[in-house]
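Please read all numbers here as calculations on a predicted model, not as lab measurements. The analysis underlying the following values was restricted to heavy atoms, covering all of them including side chains, and did not include hydrogens, waters or symmetry mates.
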Amino acid sequence: MTEKNTASLRSAGVGGATVVLVHGAFAESSSWSGVIAELTSRGFPAVAVANELRGPALDGSRVAAQVREIDGPVVLVGHSYGGAVITAAANQADNVSALVYVAAFVPEEGESLQDLLGSFPANDFAAGLVPHQLPTADGADETWLSIDRSKFQALFAADVEDAELLGRTQRPIAAAAFDEKSGTASWQRLPVYDLVATHDEAIHPDGQRTMAARANATTIEVDGSHAVAVSQPKAVADFIATAVEAGADR
């Protein structure tokens, strides 16, 4: 597809915005496949971008660079850790028109993901994490985390039929990403939408509700696991569509 045709497709989208989807830790971009199918079937241009899972600042800057290449407004959607990434990315891309958080972190400025997790009701998620020592470019070792595959379905994707496959294709996250402090909270100046997964065993639903209320987000609750975008793509796409359509009405 030529750049001219791509731009034409974007401008023809319902509501005039492109949906950019950002996956979180222990997942990869194909986790949005069902949501993309739902959105594009309705005329909403949508694309899932790669997230390196190194830390919100670096990952956010790389997502922002891709967003700036898109003509017209962008609705940024983040799942889980991806919520911290889109919060950072929106500070570096003027064409972001709204933020949608899906079972996601919504950090305030100066807040780390570990800070947020410490303020939520306790769950068993941390006990299911496995550390890996992986080399960096300069030869030093760096700690990365994945989910024990024997616990993946229970902790991450209880309502997903092919959860075993998700566990086998998961991507680890740099442990340091959980301690990195968030930059400016872009959600304070943009329309915010938040989908709470009521059976989430990774980010406690009460924590999700608290973050959504703090951000004054338009909020819905969906009976789903942390992998709600995989198990209930229609419900997630419906919610994203409301954000796109609301932007067209403003």
Is [Y] reachable from [X] through a run of hydrophobic residues whose side-chain heavy atoms are each under 4.5 Å from the next?
X: Val22; Y: Leu190; result: yes
X: Phe156; Y: Phe120; result: yes
X: Val100; Y: Ile220; result: yes
X: Val47; Y: Val230; result: yes

Evaluate whether atom [atom1] of [X] has more than 12 neighbouring non-hydrogen atoms of other residues, nucleotides or ligands under 6.0 angstrom away.
X: Asp179; atom1: CG; result: yes
X: Gln133; atom1: CD; result: yes
X: Asp124; atom1: CG; result: no
X: Glu164; atom1: CD; result: no
X: Asp206; atom1: CG; result: yes

Compare every heavy atom of [Y] with every heavy atom of [X], then report the nearest pair and how far apart it is.
X: Trp187; Y: Arg214; result: CZ3-O, 3.9 Å
X: Phe152; Y: Ala163; result: CD2-O, 3.7 Å
X: Ala93; Y: Val67; result: CB-CG1, 3.7 Å
X: Val106; Y: Ala215; result: CG1-CB, 4.1 Å
X: Phe26; Y: Leu145; result: CE2-O, 3.3 Å
X: Ala229; Y: Val35; result: O-CG2, 3.6 Å

Please check: side-chain N/O of [X] versus main-chain N/O of [Y], any donor-acceptor pairing under 3.5 Å?
X: Gln153; Y: Val160; value: yes
X: Tyr101; Y: Val196; value: no
X: Arg68; Y: Gln92; value: yes
X: Glu180; Y: Ala177; value: no
X: Thr87; Y: Ser186; value: no
X: His132; Y: Leu134; value: no
X: Gln232; Y: Asp223; value: yes
X: Asn91; Y: Ala185; value: no
X: Thr219; Y: Ala217; value: yes
X: Asp159; Y: Ser225; value: yes

Nearest 0.5 Å, what's the [atom1]-[atom2] distance between [X] and [Y]?
X: Glu38; Y: Ser33; atom1: CD; atom2: OG; answer: 12.0 Å
X: Leu113; Y: Lys181; atom1: CG; atom2: NZ; answer: 10.0 Å
X: Asp162; Y: Ser231; atom1: CG; atom2: OG; answer: 10.5 Å
X: Leu58; Y: Asn51; atom1: CG; atom2: CG; answer: 9.5 Å
X: Thr184; Y: Glu108; atom1: OG1; atom2: CD; answer: 9.5 Å
X: Asp200; Y: Asn123; atom1: CG; atom2: CG; answer: 8.5 Å

Decide yes or no for [X] and [Y]: does some side-chain heavy atom of the first lie under 4.5 Å from some side-chain heavy atom of the second?
X: Tyr193; Y: Ile240; value: no
X: Glu221; Y: Gln208; value: no
X: Ile203; Y: Ser80; value: yes
X: Pro56; Y: Tyr81; value: yes
X: Val222; Y: Phe239; value: no
X: Leu76; Y: Val63; value: yes
X: Pro107; Y: Leu116; value: yes
X: Arg54; Y: Glu142; value: yes

Any side-chain donor-acceptor pair under 3.5 Å between Glu28 and Ser30?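 Ser30 and Glu28 do have a side-chain donor-acceptor pair below 3.5 Å.
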Polar contact flag, side-chain donor to acceptor under 3.5 angstrom, Ser182-Glu109: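 On atom types as modelled, these side chains do not qualify, holding no pair under 3.5 Å.
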Determine, stepwise, if the pair Leu129 / Ile147 fulfils side chain to side chain contact (heavy atoms under 4.5 Å, CB included). CA-CA 5 Å; Leu129 298 180; Ile147 301 174; 4.0 Å; yes
Verdict with supporting geometry, Trp144 and Arg171, side chain to side chain contact (heavy atoms under 4.5 Å, CB included): CA-CA 10 Å; Trp144 290 68; Arg171 294 185 58 201; over 6 Å; no
Once the angle between the rings of His226 and His79 is folded into 0 to 90°, is it parallel (under 30°), tilted (30 to 60°) or perpendicular (over 60°)? tilted
Arg62 with Asp59: basic N within carboxylate O range, under 4.0 Å: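 Result for this pair is no, no salt bridge flagged.
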NZ/NE/NH1/NH2 to OD/OE distance under 4.0 Å, Asp238 and Arg42: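 The answer is yes: the pair qualifies as a salt bridge.
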Are Ser97 and Val75 close enough, and set up right, to give a side chain to side chain contact (heavy atoms under 4.5 Å, CB included), and what steps lead you there? CA-CA 6 Å; Ser97 60; Val75 172; 3.8 Å; yes
For a side chain to side chain contact (heavy atoms under 4.5 Å, CB included) check, start with the C-alpha distance between Thr198 and Arg209, then their side-chain angles and the critical distance, and finish with the verdict. CA-CA 10 Å; Thr198 60; Arg209 295 180 183 110; 4.1 Å; yes
